[in-house]
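Report on the structure given below.
Order of appearance sets the numbers: ligands from 1, and atoms from 1 within every ligand. In this text, all values refer to a predicted model and were calculated from it rather than measured experimentally.
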Amino acid sequence: MIPIAKPLMGDAEKKAIIAVLDSGVLAQGAVVEQFEKDFAAAIGARHAIAVSSGTTALHLALLAHGVGPGDEVITSPHTFIATGNAVLHVGARPVFVDIDGETYNIDPSLIEEKITARTKAIIPVHLYGYPADMSGIMDIAERRGLAIIEDACQAHGASIHGKCVGTFSTGCFSFYPTKNITTGEGGIVTTDDDALAERLRLLRNHGQRQRYYHDILGYNFRMSDVHAAIGLAQLSRFEEFTQKRIANAAFFDSRLSNVITPKVAPGFKHVYHQYTIRVKGNRDAALAQLHANGIGAGIYYPVPLHKQKIYLDLGYRDDLPQAEKAAAETISLPVHPALTDEELEKIAREVGRV
Ligand SMILES: *Cc1c(COP(=O)(O)O)cnc(C)c1O
């Protein structure tokens with residue numbers, strides 16, 4: 001089976017881990033600091049605050065923006081569960097707005113009707129590595145005085161007219177093994193705001209500025225130096241990995257004609273965390289056929305957030321037709337940088353037969 005994702009771990013990662021073990025400094029040391037500096041530089045942010053996962057990155061960003069009980073946060077229902085759950089973690093309520101059926105990202109034209117006096121923030125998700133329509137979203141946020149927290153957990157290096165996602169406002173990234181670069185488990189929050197960066201650092205580390213003096217209620221959301229060492233080694237190949245994903249996607253674009261392939265608007269850079277197609281006819285039969293022929297295709301995601309049991313139990317009864325259609329009609333193909341030319345050929349051939 002050609003896997004849907006495959007982390008590329010080389011000698012650099014192995015050497016970096018051993019060096020951390022030999023140093024004796026395993027947590028919140030110089031390697032974490034270097035990873036933060038290098039990641040911030042790679043995407044063009046002023047600050048990056050490393051954390052334990054993409055989920056804690058979102059949680060921390062919401063805390064730092066003062067989002068809490070009684071507040072509402074507007075986001076996409078077509079995403080990984082963590083986007084909505086991080087809002088629940090801080091005691092606020094996610095409000096789901098339907099997606100654009102072509103980009104799979106939140107539809108800005110539907111946001112304003114969901115804004116209430118309780119709305120505090122918008123979390124656009126740059127799903128599959130494709131940037132959300134940030135100009136439309138920022139325009140609304142500015143007019144209505146809302147914070148923006150970008151869920152860029154699938155979109156390391158994606159950009160709009162050269163500006164990377166995660167730098168339009170507060171950015172949240174994941175380094176889970178399937179993501180475009182990994183630390184094993186890990187995440188990072190990016191911002192250009194000095195005061196917000198300071199608050200993020202305090203909240204990440206039990207509210208302490210000085211060891212064992214705690215100013216505010218904080219958390220242990222720290223990344224270890226072992227994980228940061230893996231991340232530093234991955235960063236040295238970040239551009240190479242991204243270019244290979246883009247080249248793989250271009251190959252599929254040129255070869256697939258029986259399915260709807262991803263659209264990319266002028267000026268938008270898609271980094272293809274997933275290469276997601278829409279099939280006409282029976283999606284589940286198409287998926288079963290691909291699996292039977294050795295293609296490890298996946299569904300991201302089979303159930304939109306407002307239809308998940310946890311949200312049904314909370315009383316959610318939204319009707320979000322585009323998100324529901326996307327959950328029922330899409331298939332994501334392996335597009336990761338470890339694919340060989342033979343594997344790419346085989347994937348294109350098998351998709352052509354469905
Ligand atoms: C992976 C992911 C997260 C959460 O990241 P973890 O590191 O797994 O906690 C959040 N949002 C989206 C869109 C993701 O893909």
Please determine if Ser174 has a nitrogen or oxygen closer than 3.5 Å to a nitrogen or oxygen of ligand 1.
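Looking only at distances, the answer is yes, because the N/O contact criterion of under 3.5 Å is met.
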Quick one: does Leu58 get an N or O within less than 3.5 Å of an N or O on ligand 1?
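No: no nitrogen or oxygen of Leu58 is under 3.5 Å from one in ligand 1.
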Out of all atoms in ligand 1, which are within 4.0 Å of some heavy atom of [X]? Include the element for each.
X      : value
Ala82  : 4 (C), 10 (C)
Cys153 : 2 (C), 3 (C), 10 (C), 11 (N), 12 (C), 14 (C)
Thr83  : 11 (N)
Thr79  : 13 (C)
Ser53  : 7 (O), 9 (O)
Thr55  : 4 (C), 5 (O), 6 (P), 9 (O)

Glu36 and His47 side chains, donor-acceptor separation under 3.5 Å:
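Their side chains do not contain a donor-acceptor pair, so the 3.5 Å distance test is not met.
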Answer with yes or no whether the side chains of Thr276 and Ser332 bring together a donor and an acceptor at under 3.5 Å.
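Thr276 and Ser332 do have a side-chain donor-acceptor pair below 3.5 Å.
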Taking His270 for the side chain and Tyr272 for the main chain, is one N or O donor matched with an acceptor at less than 3.5 Å?
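Yes; at least one donor-acceptor contact below 3.5 Å.
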Please work out which of Asp151, Ile81, Thr182 has its closest non-hydrogen atom nearest to atom 11 (N) of ligand 1.
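Minimum heavy-atom distance to atom 11 (N) of ligand 1 goes to Asp151.
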Best match, Pro177, Gly54, Ser52: closest heavy atom to atom 6 (P) of ligand 1
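Looking at heavy atoms only, the winner is Gly54.
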Tell me whether the centres of the aromatic rings in Tyr219 and His206 are closer together than 6.0 Å.
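No; His206 has its ring centre 6.0 Å or more from that of Tyr219.
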Hydrophobic cluster partners of Leu305 (side-chain heavy atoms under 4.5 Å)
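Leu305 shares its hydrophobic cluster with Ile4, Phe80, Ile81, Leu88, Phe96, Ile99, Tyr104, Val125, Leu127, Tyr128, Tyr300, Tyr301, Ile310, Tyr311, Leu314, Tyr316, Leu320.
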Please name all residues satisfying ring pair (Phe, Tyr, Trp, His ring centres under 6.0 Å) with Phe252, sequence neighbours left out, ordered by chain then number.
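Partners of Phe252 under the ring pair (Phe, Tyr, Trp, His ring centres under 6.0 Å) test: Tyr275.
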Applying side chain to side chain donor-acceptor pair (under 3.5 Å), run through Thr191 and Asp193 and close with a yes or a no.
CA-CA 5 Å; Thr191 178; Asp193 181 327; 5.3 Å; no
Just to confirm my output: which protein heavy-atom neighbour is closest to atom 1 (C) of ligand 1, and how far is it?
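Ranked first by proximity to atom 1 (C) of ligand 1 is Lys179 NZ, 1.5 Å.
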Heavy-atom nearest neighbour in the protein, as seen from atom 15 (O) of ligand 1, with distance rounded to 0.1 Å
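Protein heavy atom with the smallest distance to atom 15 (O) of ligand 1: Gln154 NE2, 2.8 Å.
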Stepwise, does the side chain to side chain donor-acceptor pair (under 3.5 Å) test hold for Gln289 with Asn293?
CA-CA 6 Å; Gln289 186 184 330; Asn293 289 296; 5.9 Å; no
